[in-house]
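Scope of the values below: all heavy atoms of this structure, side chains included, with no hydrogens, waters or symmetry mates. All chains are named by letter (A, B, ...) in the order of the sequence lines, taking the proteins before the strands, and each is independently numbered beginning at 1.
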Protein chains: 2
Amino acid sequence: MAADRKKWILEAASKSFALFGYKATTMEQVAKIAGVGKGTIYTFFSTKEELFDAIMMDVIQEMKRIADKVIQEERTFIKKLERVLEEFYRFRSNHELLIRLSHEISEMGTAKAQEGMKSLEGAILGFLEKNVRTAMEQGEIRPCDPQVAAFVILKMYVSFVHDWDRTHGPLTKEQISEFFHVYLFEGLAVR
Amino acid sequence: MAADRKKWILEAASKSFALFGYKATTMEQVAKIAGVGKGTIYTFFSTKEELFDAIMMDVIQEMKRIADKVIQEERTFIKKLERVLEEFYRFRSNHELLIRLSHEISEMGTAKAQEGMKSLEGAILGFLEKNVRTAMEQGEIRPCDPQVAAFVILKMYVSFVHDWDRTHGPLTKEQISEFFHVYLFEGLAVR
DNA sequence: AAATTGACTAATTGAACAAATTGGTCATTC
DNA sequence: GAATGACCAATTTGTTCAATTAGTCAATTT
């Protein structure tokens with residue numbers, strides 16, 4: 001049945017991309033893992049790229065479900081923000097495919113892998129932007145451009161967990177929370 | 001005379017690194033441009049890496065001189081900050097060697113080139129940290145960790161001129177100034 | 001008739017090997 | 001004593017041919 005085959009192909013491809021990365025995954029191999037003929041893959045996906053895109057979309061949907069759940073569990077914007085960022089980071093750090101893609105990007109700079117991770121970042125930014133807008137409309141934060149705010153928030157977070165980590169060692173949740181409080185919420189200006 | 005030869009070597013190497021990058025620059029070539037024997041280079045610098053380090057130090061000193069001049073010309077911390085960041089960015093964008101090294105890093109990921117640009121970033125952070133500390137001691141900004149503040153300031157600036165630029169197009173000086181004002185100085189918290 | 005398969009092919013990648021190059025050394029020359 | 005450039009082990013590069021791969025489609029199966 002066609003619906004089954006598509007599902008097998010998606011599962012097989014997800015496994016192969018996670019194990020071997022984008023570039024080293026062959027369609028022959030995906031077909032073998034899925035237990036179908038290679039040509040069958042092309043009845044559902046025109047190209048290897050389209051297959052990869054479909055899998056990235058699934059990953060992004062999954063990540064969003066987790067983030068939505070976290071949002072329901074917290075009350076204040078700042079708490080929601082911290083939890084969501086933490087969850088995004090954990091998701092990205094534990095997800096086999098995403099780990100593999102990051103590795104492939106730094107080792108080989110594969111364009112498609114970069115594109116995949118960029119779409120993930122775009123989804124995170126979109127999610128943050130939506131929540132900034134809500135918080136702003138509810139008067140929880142001051143008026144601002146939600147898109148820019150989301151950008152600043154994410155870049156700051158990523159800088160702490162990646163760049164600072166590399167030069168000074170890892171930060172605790174409490175330290176990151178404190179930094180967000182001082183530099184993003186209260187600001188540097190003297191009152 | 002030895003002092004002359006060292007100067008010629010430094011000038012020749014600077015030219016070669018700027019034209020060909022770190023990896024494709026050969027000591028034979030540096031010697032030829034400088035008009036000395038290859039072995040002469042090794043009377044001043046033990047290795048190719050040491051020669052490169054010496055040149056990066058010169059570049060960093062030059063950049064600091066420019067930044068110090070800018071600091072003298074402005075009155076308030078925020079103005080100093082914006083001018084200095086702008087100057088660092090301009091310096092980096094117009095300096096042939098730095099342009100070439102950036103290109104080499106993205107095309108080939110040469111470790112030594114990366115190391116060179118990291119030492120540049122380290123110098124910028126040190127400079128910013130010193131000035132944050134001064135502003136804080138003078139009561140111009142609220143108490144904070146100068147090292148973290150410098151880090152946040154630089155990462156935010158670089159995110160705007162690089163990442164935002166790539167996805168949304170270039171920002172004007174005024175826009176960046178406004179974003180620093182809203183997100184870093186005033187903060188998002190409702191008063 | 002529709003769905004599936006896997007052999008086929010042009011384009012790309014990888015492996016093997018010899019030639020060329022390079023950073024560093026040092027005997028010779030100035 | 002300072003400077004030079006030939007030398008050399010290690011590395012890189014270029015070439016060639018074999019192997020591989022994404023996509024295609026005639027043949028087979030359902």
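When distances are taken from the side chain of B:Thr26 to each of D:dT4, C:dT4, C:dT22, the shortest belongs to C:dT22.
The side chain to side chain donor-acceptor pair (under 3.5 Å) analysis of residues 16-29 of chain B, with sequence neighbours excluded, yields the pairs B:Ser16-B:Thr25, B:Ser16-B:Gln29. Pairs of residues two or more places apart, or lying in two chains, never qualify as salt bridge (charged side-chain N to carboxylate O under 4.0 Å, His left out) while including a residue from residues 92-105 of chain B. The salt bridge (charged side-chain N to carboxylate O under 4.0 Å, His left out) contacts involving residues 8-20 of chain A comprise A:Lys7-A:Glu11, where partners must be two or more places apart or lie in separate chains. Within the structure, salt bridge (charged side-chain N to carboxylate O under 4.0 Å, His left out) contacts touching residues 171-184 of chain B (residues at least two apart or in different chains) are B:Glu86-B:Lys173.
Note: CZ (B:Phe20) to P (C:dT21) measures 15 Å, nearest angstrom. The interatomic distance linking A:Phe45 (CZ) with D:dA22 (C1') rounds to 16 Å, in whole Å. If you measure from atom OH of A:Tyr22 to atom C1' of D:dA22, you get 10 Å, rounded to the nearest angstrom. In this structure, CD1 of A:Ile41 is placed 15 Å from C1' of C:dA3, rounded to the nearest angstrom. Put simply, CE on A:Met27 is 9 Å from C1' on D:dG23, counting in whole angstrom units. Rounded to a whole Å, the NZ atom of A:Lys48 is 8 Å from the C1' atom of D:dT21. Taking atom CE on B:Met108 and atom P on D:dT12, their separation rounds to 12 Å, with Å as the unit.
Of all non-hydrogen atoms in A:Phe52 and A:Gly116, the two that sit nearest each other are CE2-CA, 4.0 Å.
For A:His168, the side-chain hydrogen bond (donor to acceptor under 3.5 Å, both in side chains) partners are B:Gln147, not counting sequence neighbours. Scanning for salt bridge (Lys or Arg N to Asp or Glu O under 4.0 Å) contacts around A:Arg133 gives A:Glu129, with sequence neighbours left out. Evaluation of the salt bridge (Lys or Arg N to Asp or Glu O under 4.0 Å) rule for B:Glu49 yields B:Lys112 as partners, not counting sequence neighbours. Residues forming a salt bridge (Lys or Arg N to Asp or Glu O under 4.0 Å) with B:Lys32 (at least two apart in sequence, or on another chain): none.
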Letter per nucleotide, 5' to 3', of nucleotides 25-30 of chain D [B base touched, S only sugar-phosphate touched, - untouched; heavy atoms, 4.0 Å]
B-----
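At the phosphate of D:dA3, OP1 or OP2 sits under 4.0 Å from a side-chain N or O atom of B:Arg5.
Counting side-chain heavy-atom gaps under 4.5 Å among Ile, Leu, Val, Met, Phe, Trp and Tyr, the cluster of B:Phe20 also holds B:Leu19.
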Below 3.5 Å is the cut-off: list the nitrogen or oxygen pairs between protein and nucleotides 8-16 of chain C, distance only.
none

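Looking only at distances, no side-chain donor or acceptor of A:Thr43 sits under 3.5 Å from a matching main-chain atom of A:Gly39.
The stretch residues 7-16 of chain B does not touch DNA chain D, since none of its heavy atoms comes less than 4.0 Å from the strand.
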